[in-house]
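What follows is a set of notes on a single structure, which appears directly below.
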There are 2 protein chains.
Amino acid sequence: MSLQHPATADLVLPAVLHALSDPHRLQIVQALATSETPLRCGTMGLSITKSTATHHFRVLRDAGVIHQVEDGTARLNSLRREDLDARFPGLLDAVLGAVPAVPA
Amino acid sequence: MSLQHPATADLVLPAVLHALSDPHRLQIVQALATSETPLRCGTMGLSITKSTATHHFRVLRDAGVIHQVEDGTARLNSLRREDLDARFPGLLDAVLGAVPAVPA
DNA sequence: CCAAATGTACGGCGATCGTCGTATAATCGA
DNA sequence: TCGATTATACGACGATCGCCGTACATTTGG
C-alpha cells in the first residue's frame, strides 16, 4: 500500500504556502530541488529529531509539495515540480529563488 | 508617529509565506493587488469581526507584505509590491496568479 | 460639543503547531 | 538469526494561531 498524496487538482494555495512557511521544510524543499535524484529523509542535514522530521515530511506530502515512495526501510522523497508548476505557475521557482537570499 | 514596517532587506521568506498562508489574508492581498489606490481596512468584504481583521492586517504588515498609513480615523493599506519583488522576485505575482485558481 | 465612524488594545477561548521522547515496525547486512 | 538502520506512531508539552467580545482612542460631521 502506497502513501497518500493529494491529486494535482486538489492542491490548495494556503496549504502549500503554509507548508513552505517553515525554515526546516524550506530546507527540505531546497535540498530536493538541488538534487538530481530522490533523497532519503535522513540525508538533508536537518538539525531536528527524527520524529520532528517525520512530521515535517508529512506536512509537505499532505500539502502536495513532495512525493514519497517507500524503498525498503527508507523513503525516497522528490519534489512535485510539475504538479506545482501546473497548479501554481511560477510559485515554486520564486520560492526556490528566494531561499538562498540571505547572503552576507 | 507612524506605523512600524520592516525594511526591505529585513523581509524573511518564512514570515512572508506564513502571512500569505491564510485565506482571509490572501483575500486582502488580492483586493489590494487589484486596486488602483490604497484601500481602507473596512472595504474588503471580509467576513470576520473588526478585531480579527486588525489582527490579520498586523500580520501582513509585520511580515512586510502591506504598508499602512494613517489617514484620519482610517488606515490606508497598500501592497509592498516593489519591495517584495526586489527581495523575492516573482513570488507575489505567482501567488496573485494562483489565488483565483479555484473555479468550478 | 456630541455622536457616529474607524480601527486598535487587551484578554480569553479552543485549535493547531513545532518539538521531543519513547516505543514500534520493517528491511538489510553480517 | 540478530543487530543495526530507517523511519513511523503515539502521546505529551509549551507556544502560537485565528477568532471573538468588550473597551478604548481618534477623527469627522452635525
Side-chain angles (χ1 to χ4, degrees), chain A residues 1-6 12-32 35 37-78, chain B residues 1-6 12-32 35 37-78:
Chain A
M1 156 235 124
S2 54
L3 295 161
Q4 277 286 97
H5 295 80
V12 286
L13 184 60
V16 170
L17 293 176
H18 171 251
L20 296 175
S21 72
D22 178 88
H24 290 130
R25 293 196 288 263
L26 276 178
Q27 184 180 343
I28 293 171
V29 169
Q30 190 185 25
L32 294 177
S35 168
T37 60
L39 296 178
R40 295 187 333 224
C41 294
T43 63
M44 304 188 201
L46 297 171
S47 54
I48 49 179
T49 60
K50 281 197 232 183
S51 34
T52 303
T54 295
H55 161 70
H56 287 310
F57 281 104
R58 164 177 281 277
V59 172
L60 287 169
R61 175 164 49 89
D62 287 348
V65 176
I66 67 172
H67 186 260
Q68 294 187 300
V69 284
E70 309 206 337
D71 174 48
T73 82
R75 219 165 249 202
L76 294 180
N77 302 276
S78 52
Chain B
M1 157 233 126
S2 54
L3 294 162
Q4 276 287 97
H5 295 80
V12 286
L13 184 61
V16 169
L17 292 175
H18 172 252
L20 296 174
S21 71
D22 178 89
H24 289 130
R25 292 196 290 262
L26 276 177
Q27 184 180 343
I28 293 171
V29 169
Q30 189 183 24
L32 294 178
S35 168
T37 59
L39 296 179
R40 295 188 331 219
C41 295
T43 62
M44 305 189 202
L46 297 172
S47 55
I48 48 178
T49 60
K50 283 199 270 185
S51 32
T52 303
T54 295
H55 161 70
H56 286 311
F57 281 104
R58 163 177 282 275
V59 172
L60 288 169
R61 176 164 48 89
D62 286 349
V65 176
I66 67 171
H67 186 260
Q68 294 187 301
V69 284
E70 309 207 336
D71 175 47
T73 82
R75 220 168 248 204
L76 294 181
N77 302 275
S78 52

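Convention: sequence-line order gives letters A, B, ...; per-chain numbering from 1.
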So, does A/Arg25 get its side chain near the phosphate of C/dG18, meaning an N or O under 4.0 Å from OP1 or OP2?
yes
Measuring from the side chain of A/Thr49 (C-beta onward, heavy atoms only), which nucleotide among D/dT6, C/dG7, C/dC20 has the closest atom?
C/dC20
Summarise protein proximity over nucleotides 22-30 of chain D in one line of letters, 5' to 3': B for base, S for sugar-phosphate only, - for none, counting protein heavy atoms closer than 4.0 Å.
----BB---
Quick one: side chains of residues 46-55 of chain B, donor-acceptor pairs under 3.5 Å with protein atoms, not counting sequence neighbours, listed by atom name and distance.
residue	atom	partner	partner atom	Å
B/Thr49	OG1	B/Thr52	OG1	3.1
B/Thr54	OG1	B/Lys50	O	3.1

Within-4.5 Å side-chain heavy-atom neighbours: A/Met44 and A/Leu32
yes
B/Ile28 CD1 to C/dG7 C1', straight-line distance once rounded to whole Å
13 Å
Please check the phosphate of C/dT19 (OP1 and OP2 only) for any side-chain N or O of A/His24 closer than 4.0 Å.
yes
Please report the distance, rounded to the nearest Å, between CD1 in A/Ile48 and C1' in D/dT6.
15 Å
Side chain of B/Thr52 only, please: which of D/dC19, C/dT8, D/dA7 is the nearest?
D/dC19
A/Leu46 has an atom CG; how far is it from atom P of C/dT19, in whole Å?
10 Å
Find out whether B/His67 and B/Pro38 are in side-chain contact, i.e. whether some heavy atom of one side chain is under 4.5 Å from a heavy atom of the other.
no
Roughly, in whole Å, what's the span from CG in B/Leu3 to P in C/dG7?
12 Å
So which of residues 53-67 of chain A are in contact with DNA chain C, with a heavy-atom cut-off of under 4.0 Å?
A/His55, A/His56
Does C/dT6 have OP1 or OP2 under 4.0 Å away from a side-chain N or O of B/Arg75?
no
Rounded distance in Å - NZ (B/Lys50) to P (C/dT8):
10 Å
Between B/Ile66 and B/His5, the two heavy atoms sitting closest are O-CD2, 3.6 Å
